[in-house]
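Written below as structure tokens is the structure these notes are about.
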Amino acid sequence: MSEDYKRPFSQDNPYKLVFVCLGNICRSPTAEGIFIHKVQEAGLQNYFYIDSAGTAAYHVGESANSKSQATANQHGIHLPSKARQLDYADLEEFDLILPMDSENFKNIKQLDRKNRFESKIKMMREFDPEPGDGQVPDPYYGGLQGFENVFTVLNRSCETLLEELKPHIKD
Ligand code: 4NP
């Protein structure tokens, strides 16, 4: 696996991540909120630019799903996102693009027609120490338990991701 996405970064040149799902209302806003929280806890907020986006446009402009928000809030985490659709400029701009499942991965690869950005597109669960089937499951049509499971998976994955990036901070 290419590790080109692990570039040195600093406050003057922050590391840019975008979490990606289908609608940008459940999974990727949760990942974004968790990662922001962990970065703030570590006092590293000036070293990162953190965003989320969806490969589909159905929910553009919406806040995170109410069940995603309720679940995150129970864990002391706020979800600030307003849904937007991922576009080609994002592939150029961000250092790391993190699809939640293989369908999102495929959609991103379709934007990357010339295959320029492969090394910075990584499945979110590549960072999960318990990766299961490698997918962050879509909780949209299910009950609260599914949202709690998504939170647990993303909390674990974000923890590892931050630990992997930290050594690349240069002051
Ligand atoms: P997300 O969940 O991709 O985690 O935001 C979904 C949200 C909406 C839909 C599907 C998944 N939808 O079909 O509208």
Side-chain angles (χ1 to χ4, degrees), residues 5 15-40 48-113 117-118 120-162 164-165:
Y5 66 94
Y15 193 85
K16 296 181 164 189
L17 316 87
V18 60
F19 299 97
V20 180
C21 61
L22 184 63
N24 192 208
I25 53 169
C26 301
R27 292 166 291 178
S28 60
T30 301
E32 177 189 10
I34 292 171
F35 200 79
I36 289 171
H37 184 81
K38 289 185 187 298
V39 160
Q40 285 175 343
F48 288 94
Y49 179 77
I50 303 159
D51 197 5
S52 67
T55 59
Y58 321 127
H59 297 279
V60 167
E62 292 179 23
S63 299
N65 176 280
S66 56
K67 289 181 190 157
S68 297
Q69 291 201 44
T71 305
N73 292 348
Q74 275 181 352
H75 294 273
I77 286 171
H78 168 65
L79 305 184
S81 94
K82 290 273 182 267
R84 71 175 185 90
Q85 189 173 23
L86 189 79
D87 65 18
Y88 189 81
D90 292 316
L91 304 186
E92 296 196 300
E93 178 181 358
F94 284 89
D95 294 300
L96 184 57
I97 298 150
L98 292 149
M100 298 293 133
D101 67 25
S102 326
E103 184 190 354
N104 314 145
F105 183 88
K106 226 183 323 171
N107 291 340
I108 296 166
K109 292 294 294 173
Q110 276 169 7
L111 274 181
D112 183 19
R113 287 185 198 287
F117 305 112
E118 188 161 32
K120 54 179 175 172
I121 307 168
K122 297 284 169 211
M123 291 282 283
M124 187 65 188
R125 289 195 83 175
E126 283 192 29
F127 299 95
D128 187 349
E130 300 168 50
D133 65 359
Q135 315 292 312
V136 182
D138 181 355
Y140 185 60
Y141 294 104
L144 266 177
Q145 188 53 46
F147 286 81
E148 187 62 37
N149 178 53
V150 162
F151 185 93
T152 302
V153 164
L154 291 174
N155 194 41
R156 229 168 32 216
S157 306
C158 283
E159 185 69 31
T160 312
L161 174 57
L162 181 55
E164 287 201 15
L165 292 173

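Note that the numbering runs from 1 along the sequence shown for the chain. Whatever order the structure lists ligands and atoms in, that order sets their numbers, starting from 1.
- Here's the thing with C26: one of its N/O atoms is less than 3.5 angstrom from an N/O atom of ligand 1.
- Between Q74 and E148 there is a side-chain heavy-atom pair separated by less than 4.5 Å.
- Using a 4.0 Å cut-off to heavy atoms of L22, the atoms of ligand 1 that qualify are 3 (O), 10 (C).
- Remark: K120 is not positioned above the aromatic ring of Y5, lacking an NZ or CZ atom under 6.0 angstrom from the ring centre and at most 45 degrees off the axis.
- A side-chain N or O of Q135 and one of S102 form a donor-acceptor pair less than 3.5 Å apart.
- With a 4.0 Å heavy-atom cut-off, ligand 1 is reached by the side chain of D138 but not by its N, CA, C or O.
- Counting atoms of ligand 1 from 1 in the listed order, those under 4.0 Å from a heavy atom of Y141 are 12 (N), 13 (O).
- Atom 1 (P) of ligand 1 has C21 SG, 3.5 Å as its closest protein atom, hydrogens excluded (heavy atom only).
- For the pair R27 and D101, the minimum side-chain heavy-atom distance is below 4.5 Å.
- Polar contact with ligand 1: present for G23 (N/O pair, distance under 3.5 Å).
- Contact annotation for N24 and ligand 1: only backbone heavy atoms (N, CA, C, O) come within less than 4.0 Å of the ligand.
- Heavy atoms of H59 found under 4.0 angstrom from ligand 1 belong exclusively to the side chain.
- Of the polar atoms of R27, at least one N or O is found under 3.5 Å from an N or O of ligand 1, judged by distance alone.
- Taking the side chain as every heavy atom from C-beta outward, T71 and T30 never approach each other to under 4.5 Å.
- Between E159 and K38 there is a side-chain heavy-atom pair separated by less than 4.5 Å.
- In this structure, K106 places its NZ atom where only 12 or fewer heavy-atom neighbours from other residues, nucleotides or ligands lie under 6.0 Å away.
- Scanning all protein heavy atoms for the shortest distance to atom 12 (N) of ligand 1 gives Y140 CE2, 3.6 Å.
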